Structures are given as C-alpha cells and as structure tokens.
Amino acid sequence: MRSPTPTPTHTPAPPSTRTTALPRAAGLVAALLGLLLPLLALGTPAHAAPTGFHVENGRLLEASGNDFVMRGVNHAHTWYADRISSLAHIKAKGANTVRVVLSSGDRWTANNAADVANVVAQCKQNRLICVLEVHDTTGYGEQNGAVTLSRAADYWIGVRSALTGQEDHVIVNIGNEPYGNTNYANWTADTKAAIQKLRNAGFDHTLMVDAPNWGQDWAFTMRDNAASVFAADPDANTVFSIHMYGVFDTAAEVSDYLGRFVSARLPVVVGEFGHDHSDGNPDEDAILAVTQQLGLGYLGWSWSGNGGGVEYLDMVTNFDPDRLTSWGQRLFNGANGIAATSEEAEIYSSGSGGDTTAPTAPGTPTVSSVTSSSATLSWAAATDETGVTGYDVVRISGGEETVATTTASTSATLTGLSPETSHTFAVYARDAAGNRSPRSGTVTVTTSPGGSQGSCAVAYRVTNQWPGGFQGEIVIRNTGSSRVDGWTLNWTFPGAQRITNMWGGTPVQTGSGVSVASASYTASIPAAGSVTLGFTATTTDGNPSPSAFALNGAVCSSA
C-alpha cells in the first residue's frame, strides 16, 4: 500500500554535531586535504573499458567522454506510482536527471523488475538520466524497519534484468541514507561490501553511494573514507552523494565539504537538498552557487507528495507542473538553477553532431481570465523535428527577461501579479536536445484594480517576532451563503518580507507579491466558516502589515 504521507527521509543531527559541523580555518582545510590526497596514491584499480557512464579523474563522464553534470530533482515513485507522468513535467522544466525513489519491499510495496523497466523506459522517452535508489535503507541502525546495504544490493540483483544494457542511461544509487546517527562507523565496510557484491553479480553501471548520518555526513565518515571506498570498486566507477539540509547552513560549510572531494579528485554530487528543514535552514543559494562553480551535479528534494511535516519541500503543488511553489520557483528558475544551467546528456543527441535545430517560435499568446492578481496565457504550439518538450513563459520589463513559469502544455496561469498593473509576457519553446526557439510575439496584460468586493474577510496578525524574522497568522472567513471549494489568496507585502515556510497553504512569492493555494485540508470553507494559515518569514526593513487581500480574485474585507 502506498504511504499517503511518506516518512520524512531526513532526521536532524544531534545538537552537539551542529557546533562542530565543518571546520572553517584555512590552515586546517589545507592540513586535512594533505591527509586525504595521499590516499589516492594507492593507485586506481584496473577495470574494464566502460560500457556507459564512468568516472575518470574525479569526473562523471558518458561513454563518449562527454562530461555530464546532473541537474535535476527527486521523484517519490514508490509512493506515487500513478504519477509517472511527472517525469515528462520534470523534463519540461529543464532537468537532465531524475532520482527515482524505489522500494525493495521491506518497508513499502516492492517495485518489481517490470515496474523498474517501465521507469527506465519513461526516463529514456523523456531524455532524462535515471538515478535509481532503494529507500528502505534510510536511517539503518536508528530507524525501525530500515534494512542493510547488503539487502539493498540483493534487491538490485533481483531486478537486474531491467537494468542490463542501460549503463548509458541509468546510475544505481545503492541505498538512500544508509545509516542514521547510530553505528554509522560501519558505513565504510558495508558500502565497500555492497559495491563488490554488485560487481561480482555483473553490474557494470556507475554506482552511487549516500553518506551516513541521514545522508549529511556530519561525522565526516564518508568524506574521510571516500578514497578507500572508491579504491574498493574494481571498476573504479563509484560516485559519492551528500545530502545537504540543516548541517549545511552556511556557505563556508558547503564550499569546504564539496571542495575537499574536488581537490582529492573524487566524484561527488549533492543527491538531495532543500530550502528549509526541521533540523535547520540549509543555505540553498550557496549549494547552487558552489556546485555551479565547481561543475558538480545536484538533485533537489523533491517534485511533489511530501508528507510527515516536510510538505514545504514540494516543488509543485499536488503534482501540478503549473503550480510551482516558492521552492520550485527557486530551484528551476532562480540563479544557478536548473533552467539556467542544465545540459542534456549527449546520449540523447541525434546524429553525429546532435540536434542543433531549434523549434519554431510559438504563437503570440492570447489572454483570458484576468483578475487583480492572475491571468491565463494561451498560444499556438511550436513545431520541431524531434518534438517540443516544453515552453518557457518570460516576463519582460525594461528590456530584461525573467522566467515566470515553465510548462509542457500550450497554456499557463500566472499568479501573484500586482493589481492594476501592466505586465508584458512572451513564450519560448524548447526541444528534447535543449534547443530554444525564437521568442514569440509579446502580449501585455493589465490586471484589474482588485475586483469586486468578495464574500470574504481576512484577519492578519504577527504572532511572534525576532531580529530578521517573524511568525504570522492569516484567518480567512467565508462571509457568503455558499461553501468555497478550493481557493487562492493573494496579497502584496508593503516591506521586504519573504515567506520561508507555511502551513495550511502553498505559497508562491514573486517580489513582494504572494499567491497562496489552499492545502487539501483547508480547501473547503463552509458558509460562515473559516480556515487559518500560519507562516514564518524573514524581513530586513521593519514589518508593516499588508493592507489588502483577494480570495479567488475578489477583494476581502478586514476581519
């Protein structure tokens, strides 16, 4: 049975570890690098010629020798097997890789060989590299029911028929976060044994191994033993995966950890990370900037379907690709994000020189359903020799373009727009090889002054405040005579407030404009009833309260 609210995959490190998370002194960094580098002098084991992805000089390469840098997201397939269409939507946002959650059957329903083969086929159809991981190992030694890496290796051997011959398209991530914070020193020996078990069974794939300590390696077990683990792989074809949550809450920690692997010529990716977490506030801007600077891959957690208190890590609401959350907007369309930095795997290029022909320009958008804070754009489809995979809707202001949203369809609803304001938009098409079309014609949308007075009232208050941040509460009251089923609440902050987390709804913030879509448990507001939202936010210039709110485009009175 699929878990409706999957167990959170990340457990905070003990408080004592947070104070010693990563050394920052330059002298200590140099000294520790000096200790790590000699381990590589033991030499690289002899191995067969690669049949697909392989590691060379600390870099992940395709069989052709093309340097491949992962840019993608995690997708919780084992809990949401009916959402396989998400792979097409993830591709349409610009990703070149998807990390797919599978189960060995020990904690959740097993994904059998036929299902794994279908996942691989869908990845290939959508021109994505598949990183497949077994989730049942999560927090072994601390989490009830978690299984060993050896058991995970047995699972991979059991579904090998779905993976043989897919070495160009699939990377096998042996087990997710294979130790918690108990007995994690055993990670090194267990990881070596699992790698060798798979090699002995005939696996030629690139293997990926997660760090212990719930993936965050705060005790540096993976960092300090990576060279010996790599040397234990007879194919010299293992990549290391660090998960960055609360332990990595400063740029110095992010840069120091990743820099050590690069200096030691050991391959590393950020296999999971988020913009917030229960164990602290990771520095997602630093993670994105440092991986781009060092040419390292990253895979954000996660597309949609989070439960157990980490729903804020959803990138889209309810698997809807046109409802990006603030986290999804940041990862896909922000600085150093996927849209700006992703390059498709060369294996998917057609012909000797690859597909270099761009799609035709989409039709000039038309506008409908204009409110004070939203509008729907529609356009004629572009054409392409190999098929259009997605569209980028851009906002044009002062000659500058910013991505407003991405979609696989020929329409998009834009939310969070300022009322009584002119906004100019245009559309680009992208094909599977990443070629971008000429820009469509532009369209200007003028939002309404705020709509008619609605049957709603909103009360806003600050419930707690501290230097640089605060906690707020919003009560939405239905003052009409009929029930509200599903809603979007819009407002504009008068200051520099930025929402960091919300419960009761899913926020998307563009500048000072905020658009909140109802959660499943707040979507229905009976006549004379109310729902309450709570949130935390940062602020840098005081904390003035918003003066106006609109529910489904209609202005609400003050409660």
Side-chain angles (χ1 to χ4, degrees), residues 21-44 53-62 65-72 96-97 99 129 131 171 173 188 191 206-213 215-233 236-244 247-273 282-300 335-338 341-343:
L22 286 173
R24 295 172 172 79
L28 182 56
V29 170
L32 289 175
L33 281 175
L35 292 174
L36 184 58
L37 286 168
L39 292 174
L40 296 179
L42 296 174
T44 299
F53 277 106
H54 61 285
V55 172
E56 186 175 310
N57 201 29
R59 304 294 302 172
L60 178 63
L61 308 180
E62 296 184 71
N66 179 59
D67 188 280
F68 182 71
V69 180
M70 296 182 196
R71 288 288 183 266
N96 63 19
T97 305
R99 181 173 180 255
I129 296 304
V131 177
I171 293 170
N173 190 172
T188 302
T191 301
T206 295
L207 302 178
M208 183 182 289
V209 294
D210 281 10
N213 305 132
Q216 297 203 71
D217 203 28
W218 56 260
F220 306 135
T221 305
M222 184 173 81
R223 186 198 71 181
D224 294 347
N225 293 280
S228 68
V229 170
F230 187 83
D233 180 357
N237 196 14
T238 296
V239 173
F240 299 91
S241 173
I242 180 68
H243 294 182
M244 290 188 165
V247 170
F248 294 90
D249 55 2
T250 69
E253 290 165 334
V254 173
S255 182
D256 178 76
Y257 191 91
L258 297 176
R260 291 168 185 264
F261 278 81
V262 172
S263 297
R265 296 183 181 179
L266 290 167
V268 66
V269 301
V270 181
E272 288 185 21
F273 70 107
D283 191 340
E284 70 275 12
D285 291 336
I287 294 167
L288 291 163
V290 172
T291 51
Q292 177 66 9
Q293 176 189 1
L294 298 177
L296 301 178
Y298 61 70
L299 302 166
N336 303 306
I338 289 172
T341 65
S342 176
E343 294 184 11

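Quick caveat, the model's predicted, so the values are computed rather than measured.
In this structure, the side chains of S255 and V290 come closer than 4.5 Å at one or more pairs of heavy atoms. Side-chain contact check for L296 versus V270: every heavy-atom pair is 4.5 Å or farther apart. Taking 4.5 Å as the limit, every side-chain heavy atom of N96 sits out of range of all side-chain heavy atoms of I129.
L60 pairs with exactly one of D67, V239, V268, V69 by the side-chain contact (heavy atoms from CB on, under 4.5 Å) rule, that one being V239.
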Determine whether F230 and V55 satisfy the following criterion, side chain to side chain contact (heavy atoms under 4.5 Å, CB included), listing intermediate values before the conclusion. CA-CA 10 Å; F230 187 83; V55 172; 3.9 Å; yes

* Asked: Step by step, would you call M222 with T191 a side chain to side chain contact (heavy atoms under 4.5 Å, CB included)?
  -> CA-CA 10 Å; M222 184 173 81; T191 301; over 6 Å; no

What do the steps show when you test E253 against V247 for side chain to side chain contact (heavy atoms under 4.5 Å, CB included), and what is the final call?
CA-CA 8 Å; E253 290 165 334; V247 170; 5.8 Å; no

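Ring pair Y257/F220 is tilted by interplanar angle, where 30° to 60° counts as tilted.
Scanning both residues, I242 and A211, for their nearest heavy atoms gives CD1-CB, 4.2 Å. Contact between D283 and T250 at its shortest, heavy atoms only, is OD2-C, 4.0 Å. Considering all non-hydrogen atoms of both residues, N336 and Y298 come closest at O-OH, 2.8 Å. In terms of heavy atoms, G271 sits closest to S241 at CA-OG, 3.3 Å. The two atoms that bring L266 and A226 nearest to each other are CD1-CB, 3.8 Å, heavy atoms only. Residue S228 comes nearest to T188 through the heavy atom pair OG-CG2, 4.3 Å, listed as atom of the first residue, atom of the second, then distance.
In this structure, the separation between CD1 on I338 and CZ on R71 is 8.5 Å, given to the nearest 0.5 Å. One finds the NE2 atom of H243 at 11.0 Å from the CZ atom of F248 (value rounded to the nearest 0.5 Å). Atoms CG and CD1, from L207 and I171 in turn, are 9.5 Å apart once rounded to the nearest 0.5 Å. The structure places CZ of F240 at 13.5 Å from CG of L258, a figure rounded to the nearest 0.5 Å.
Looking only at distances, no side-chain donor or acceptor of R99 sits under 3.5 Å from a matching main-chain atom of E272. Not one N or O on the side chain of N173 forms a donor-acceptor pair closer than 3.5 Å with the backbone of V131. A side-chain donor-acceptor contact under 3.5 Å links N213 to the backbone of A219. The main-chain N or O of T221 is found under 3.5 Å from a side-chain atom of N225 such that the two form a donor-acceptor pair. The backbone N or O of R265 lies less than 3.5 Å from no partner atom in the side chain of N57, so there is not a single donor-acceptor pair.
The environment of CD in E62 is crowded: more than 12 heavy-atom neighbours from other residues, nucleotides or ligands sit within 6.0 Å.
Ion pairing between a basic and an acidic side chain is recognised when a charged N comes within 4.0 Å of a carboxylate O; D217 and R260 show no such pairing.
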